[in-house]
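When a ligand or atom number is given, it counts from 1 through the structure's own listing order.
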Amino acid sequence: MDTAGCAIVTGAGSGIGRACARRLGAAGLAVAALDANGEAAAETAAAVPGAAAFTADVTDETQVATAVGEATARFGSPKVLVNAAGIIVRKTLRESTVEEWRRVLDVNLTGYFVVLREVIPRMAAGGGGSIVQIASIAGHTGYGFSSYTAAKGGVLALTRQLAAELAVDGIRINSVSPGVVHSGLNRDTLSTPEIHAATVANTPVGRIGEPDDIAAAVAFLAGPDAGYITGTDLVADGGMISTIHWGEAGAQLHSFHAREQ
Ligand SMILES: NC(=O)c1ccc[n+]([C@@H]2O[C@H](COP(=O)([O-])OP(=O)(O)OC[C@H]3O[C@@H](n4cnc5c(N)ncnc54)[C@H](O)[C@@H]3O)[C@@H](O)[C@H]2O)c1
């Protein structure tokens, strides 16, 4: 990885963003840990040598412009951006208010745009770099929560759209689609035994993901080994959306086959 310059990580105060900050810091990049929760961002920065914390709500253009400007003044032009700040509202379409829908789209999609708009010119001026957007398997398949699924589908489309637009500036852009990962986002659901068990049962590798599983994929896409990869999505979900989950009927299907032989 080109370690000159800095990595800006949004949502760096928790979960996947924090793990990305740690990974990129360990790879030698100066990390700007950005989060709406300033205390959480400061905790991350304290755990990553040479990192600094920046408090900004990604939906607020002024706060983002100030934070990205300060990070660039301190560390030099951004070489890596990880867009990870996100929220979820677990409601069906009929249960959702317009306000809740707008907030989810605002943070999870427009927030990515607001940060991209500030970072891209600085990254281009510094000779290019690599952007990784945290999407979700919810952008590939239905997942139960319309606003979240719509926002993540938007992230996948935006990432593809920008590949050609940014290539002229030496910038690659890709996304990672996590499956179900232990983090602040789903601490509530995964602490429910039935949901935990159903999640493991629907994950072929047999366990729930950890933030560092996702950070490893992000670090790969951000680094030189992915130098010929842009405009694509890397699903990191333990196989969850790779298959139809038959449950116990799967064993029966195989036994039918065995009987025929
Ligand atoms: N955990 C999962 O299972 C999972 C699966 C797929 C995708 N994701 C995505 O991964 C990303 C990271 O989420 P996580 O799972 O680590 O959750 P998390 O709740 O642990 O971390 C999210 C972080 O984003 C910050 N944040 C929220 N709104 C913000 C805003 N408006 N401005 C700035 N910061 C804000 C929070 O303060 C928090 O520190 C999100 O985009 C999420 O949608 C998570």
*Verify the distance criterion only: is there a donor paired with an acceptor across the side chains of S175 and D233 at less than 3.5 Å?*
yes

*Using a distance-only test with no angle check, is there a side-chain donor-acceptor pair under 3.5 angstrom linking R18 and T44?*
yes

Every pair of nitrogen or oxygen atoms between ligand 1 and the protein that is under 3.5 angstrom apart - can you list them with their distances to 0.1 Å?
{"unit_1": "ligand 1", "atom_1": "1 (N)", "unit_2": "V181", "atom_2": "O", "d": "3.1"}
{"unit_1": "ligand 1", "atom_1": "1 (N)", "unit_2": "S183", "atom_2": "OG", "d": "3.0"}
{"unit_1": "ligand 1", "atom_1": "3 (O)", "unit_2": "G179", "atom_2": "O", "d": "3.3"}
{"unit_1": "ligand 1", "atom_1": "3 (O)", "unit_2": "V181", "atom_2": "N", "d": "2.8"}
{"unit_1": "ligand 1", "atom_1": "3 (O)", "unit_2": "V181", "atom_2": "O", "d": "3.4"}
{"unit_1": "ligand 1", "atom_1": "3 (O)", "unit_2": "N186", "atom_2": "ND2", "d": "2.9"}
{"unit_1": "ligand 1", "atom_1": "8 (N)", "unit_2": "Y148", "atom_2": "OH", "d": "3.4"}
{"unit_1": "ligand 1", "atom_1": "15 (O)", "unit_2": "S183", "atom_2": "OG", "d": "2.6"}
{"unit_1": "ligand 1", "atom_1": "16 (O)", "unit_2": "I16", "atom_2": "N", "d": "2.7"}
{"unit_1": "ligand 1", "atom_1": "17 (O)", "unit_2": "S183", "atom_2": "OG", "d": "3.4"}
{"unit_1": "ligand 1", "atom_1": "19 (O)", "unit_2": "L185", "atom_2": "N", "d": "3.2"}
{"unit_1": "ligand 1", "atom_1": "20 (O)", "unit_2": "S14", "atom_2": "OG", "d": "2.6"}
{"unit_1": "ligand 1", "atom_1": "20 (O)", "unit_2": "G184", "atom_2": "N", "d": "2.9"}
{"unit_1": "ligand 1", "atom_1": "31 (N)", "unit_2": "D57", "atom_2": "OD1", "d": "2.9"}
{"unit_1": "ligand 1", "atom_1": "32 (N)", "unit_2": "V58", "atom_2": "N", "d": "2.9"}
{"unit_1": "ligand 1", "atom_1": "34 (N)", "unit_2": "A36", "atom_2": "N", "d": "3.2"}
{"unit_1": "ligand 1", "atom_1": "37 (O)", "unit_2": "D35", "atom_2": "OD1", "d": "2.6"}
{"unit_1": "ligand 1", "atom_1": "39 (O)", "unit_2": "D35", "atom_2": "OD1", "d": "3.4"}
{"unit_1": "ligand 1", "atom_1": "39 (O)", "unit_2": "D35", "atom_2": "OD2", "d": "2.6"}
{"unit_1": "ligand 1", "atom_1": "41 (O)", "unit_2": "A84", "atom_2": "O", "d": "3.0"}
{"unit_1": "ligand 1", "atom_1": "41 (O)", "unit_2": "Y112", "atom_2": "OH", "d": "3.3"}
{"unit_1": "ligand 1", "atom_1": "41 (O)", "unit_2": "K152", "atom_2": "NZ", "d": "2.9"}
{"unit_1": "ligand 1", "atom_1": "43 (O)", "unit_2": "Y148", "atom_2": "OH", "d": "2.6"}
{"unit_1": "ligand 1", "atom_1": "43 (O)", "unit_2": "K152", "atom_2": "NZ", "d": "3.0"}

*Which of these passes side-chain contact (heavy atoms from CB on, under 4.5 Å) with L81: R122, Q133, E118, M123?*
M123

*Between D57 and R103, is there a salt bridge with N-O shorter than 4.0 Å?*
yes

Please tabulate, for side-chain N and O atoms in residues 148-155, each donor-acceptor pair with protein atoms closer than 3.5 Å (sequence neighbours left out).
{"unit_1": "T149", "atom_1": "OG1", "unit_2": "F145", "atom_2": "O", "d": "3.3"}
{"unit_1": "K152", "atom_1": "NZ", "unit_2": "I134", "atom_2": "O", "d": "3.1"}

*Which one of I16, L29, L34, L24 satisfies the side-chain contact (heavy atoms from CB on, under 4.5 Å) criterion with V9?*
L24

